Participant: 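Dumping the structure here so I can ask a few things about it.
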Protein chains: 2
Amino acid sequence: MKLEIASAQLEALGNPVRLQIYRLLVRAGVDGLAVGAVQDKLGMPASTLSHHMRKLIEPGLVTQERQATTLICRAHYPAMTALIGYLSDECCADGVCPPASVKTRGSKASAKA
Amino acid sequence: MKLEIASAQLEALGNPVRLQIYRLLVRAGVDGLAVGAVQDKLGMPASTLSHHMRKLIEPGLVTQERQATTLICRAHYPAMTALIGYLSDECCADGVCPPASVKTRGSKASAKA
DNA sequence: TCACTATTTCCAAATTCATGGAAATAGAGG
DNA sequence: CCTCTATTTCCATGAATTTGGAAATAGTGA
């Protein structure tokens, strides 16, 4: 993963409103949620929500699928997985890992190094 | 973890310069890096670096320890681990998980749910 | 105390972001 | 074609971010 992509994804999630939207979609799983459903749940103007949704879609964190007049939004899990990997992959590559580093959590999160 | 904290941490990482700084520190491990060392590696004005470093320290992603006149910076791993957990914990809580969700990667990343 | 290095804080300018009303667009159905 | 719902795009505005030079501060040692 390139730094620019990871940083764009992190920037997208680095806003409380968007993080809330994203977590709503993560919870919703494969069924996803219509834009309108998200709007109802969070109670914000459609215009504002649309701006935020685009910021999540652009870096590939969320996908949209049209169903008649409604747009279903879904969290794109591979993107989240790759992003998490990017954050933990190079852990301590040049030094010594601390006692309870992230490496002790995942099975093969740092297989690359 | 509270949404506000997670979003502040993600926002801090959501800038290419800061993500680069952070990854440098992650690679450095427990030894950490002096501010000046980071400055040399990335080649930026001390003032700019200092601003960015503070944005990483404020939400708890990085810590600093003074050694004489130099300040050693270190990635604070527990924060990263908690952040990663926050992103993956509620995966599909309200729906069905996709075939290859993040849940299949870590050992107990979603133990809470 | 003076000098020196390392780093931060002060300040300001340019850029980007967040917000939301109003108008435009997309699709479904009569 | 008209209308209705769902959603986006256009546009504007205030707020926050990014950047970096200059000055201030912290620590060390002579």
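Predicted model, so just to flag it, every value in this text is computed and none were measured. Proteins come first, then strands; the chains are lettered A, B, ... in the order of their sequence lines, and each starts at number 1. Just so you know, these numbers use all the heavy atoms, side chains as well, and skip hydrogens, waters and symmetry mates.
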Participant: Would a single hydrophobic cluster contain both B:Ile5 and B:Ile84, if residues Ile, Leu, Val, Met, Phe, Trp and Tyr are joined by side-chain heavy-atom contacts under 4.5 Å?
Facilitator: yes
Participant: Grab the N/O contacts between the protein and nucleotides 3-6 of chain D below 3.5 Å, and write none if there aren't any.
Facilitator:
| residue | atom | partner | partner atom | Å |
| --- | --- | --- | --- | --- |
| D:dA6 | O3' | A:Thr69 | O | 3.4 |

Participant: Please identify each residue that fulfils side-chain hydrogen bond (donor to acceptor under 3.5 Å, both in side chains) with B:Gln67, with sequence neighbours left out.
Facilitator: none
Participant: Which heavy atom of A:Met53 sits nearest a heavy atom of A:Cys73, and at what distance?
Facilitator: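 Residues A:Met53 and A:Cys73, closest heavy atoms: CE-SG, 3.8 Å.
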Participant: Using five base pairs at each end, measure the axis-to-axis angle across the helix from C:dT1-D:dA30 to C:dG30-D:dC1 and round it to 10 degrees.
Facilitator: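 One end axis against the other gives 20°.
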Participant: Can you tell me if B:Asn15 touches the phosphate of D:dT17, counting only side-chain N or O atoms and a distance under 4.0 Å to OP1 or OP2?
Facilitator: no
Participant: What integer distance in Å separates B:Leu19:CG from D:dT18:C1'?
Facilitator: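 Rounded to the whole Å, the gap is 16 Å.
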Participant: With sequence neighbours excluded, what pairs up with A:Ser7 under the side-chain contact (heavy atoms from CB on, under 4.5 Å) test?
Facilitator: B:Pro16, B:Leu19
Participant: Look at the side-chain heavy atoms of Ile, Leu, Val, Met, Phe, Trp and Tyr, link any pair under 4.5 Å apart, and say whether A:Ile72 and A:Leu33 land in one connected group.
Facilitator: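 Result: no, two separate clusters.
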Participant: A:Tyr22 versus A:Met80: any side-chain heavy-atom pair under 4.5 Å?
Facilitator: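 A side-chain contact exists here, since the closest heavy-atom pair is under 4.5 Å.
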Participant: Do you know which of B:Asn15, B:Leu49, B:Val62 makes side chain to side chain contact (heavy atoms under 4.5 Å, CB included) with B:Ile21?
Facilitator: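 Only one of B:Asn15, B:Leu49, B:Val62 forms a side chain to side chain contact (heavy atoms under 4.5 Å, CB included) with B:Ile21, namely B:Leu49.
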Participant: Could you list where the contact with chain A starts and ends along DNA chain C, reading 5' to 3', using a 4.0 Å heavy-atom cut-off?
Facilitator: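 Using the under 4.0 Å cut-off, the span is C:dC17 to C:dA28.
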Participant: On DNA chain C, does the nearest nucleotide to A:Glu11 precede the nearest nucleotide to B:Gln39 from the 5' side, or the other way round? Give the residue.
Facilitator: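 That would be B:Gln39.
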Participant: Of all residues at least two apart in sequence or in a different chain, which pass the side-chain hydrogen bond (donor to acceptor under 3.5 Å, both in side chains) check with A:Arg74?
Facilitator: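 Scan of A:Arg74 (side-chain hydrogen bond (donor to acceptor under 3.5 Å, both in side chains), adjacent residues dropped) gives A:Glu65.
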Participant: According to side-chain contact (heavy atoms from CB on, under 4.5 Å), who are the partners of A:Leu71, at least two apart in sequence or on a separate chain?
Facilitator: A:Val35, A:Gln64, A:Arg66
Participant: For B:Arg18, give me all partners under salt bridge (charged side-chain N to carboxylate O under 4.0 Å, His left out), at least two apart in sequence or on another chain.
Facilitator: none
Participant: Can you check whether A:Val26 reaches B:Leu87 side chain to side chain, under 4.5 Å on heavy atoms?
Facilitator: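 No; the side chains remain at least 4.5 Å from each other.
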Participant: Side-chain donor-acceptor contacts of residues 54-61 of chain A below 3.5 Å, not counting sequence neighbours, with atom names and distances?
Facilitator:
none

Participant: Verify the cluster assignment for A:Leu24 and A:Leu13: are they in a single hydrophobic cluster under the rule of side-chain heavy atoms below 4.5 Å apart?
Facilitator: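 Yes, A:Leu24 and A:Leu13 fall within the same hydrophobic cluster.
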Participant: OH of B:Tyr77 to CG of B:Leu25: how many Å apart, nearest 0.5 Å?
Facilitator: 8.0 Å
Participant: Near DNA chain D, under 4.0 Å by heavy atom, which residues of residues 42-52 of chain B?
Facilitator: B:Pro45, B:Ser47, B:Thr48, B:His51, B:His52
Participant: Scan residues 57-68 of chain B against DNA chain C and write down, sorted by residue number, each residue with any heavy atom closer than 4.0 Å; if none is found, say none.
Facilitator: B:Gln64
Participant: My understanding is that only residues two or more places apart in sequence, or in another chain, count here; which of them pass side-chain contact (heavy atoms from CB on, under 4.5 Å) with B:Gln20?
Facilitator: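 A:Leu3, B:Leu42.
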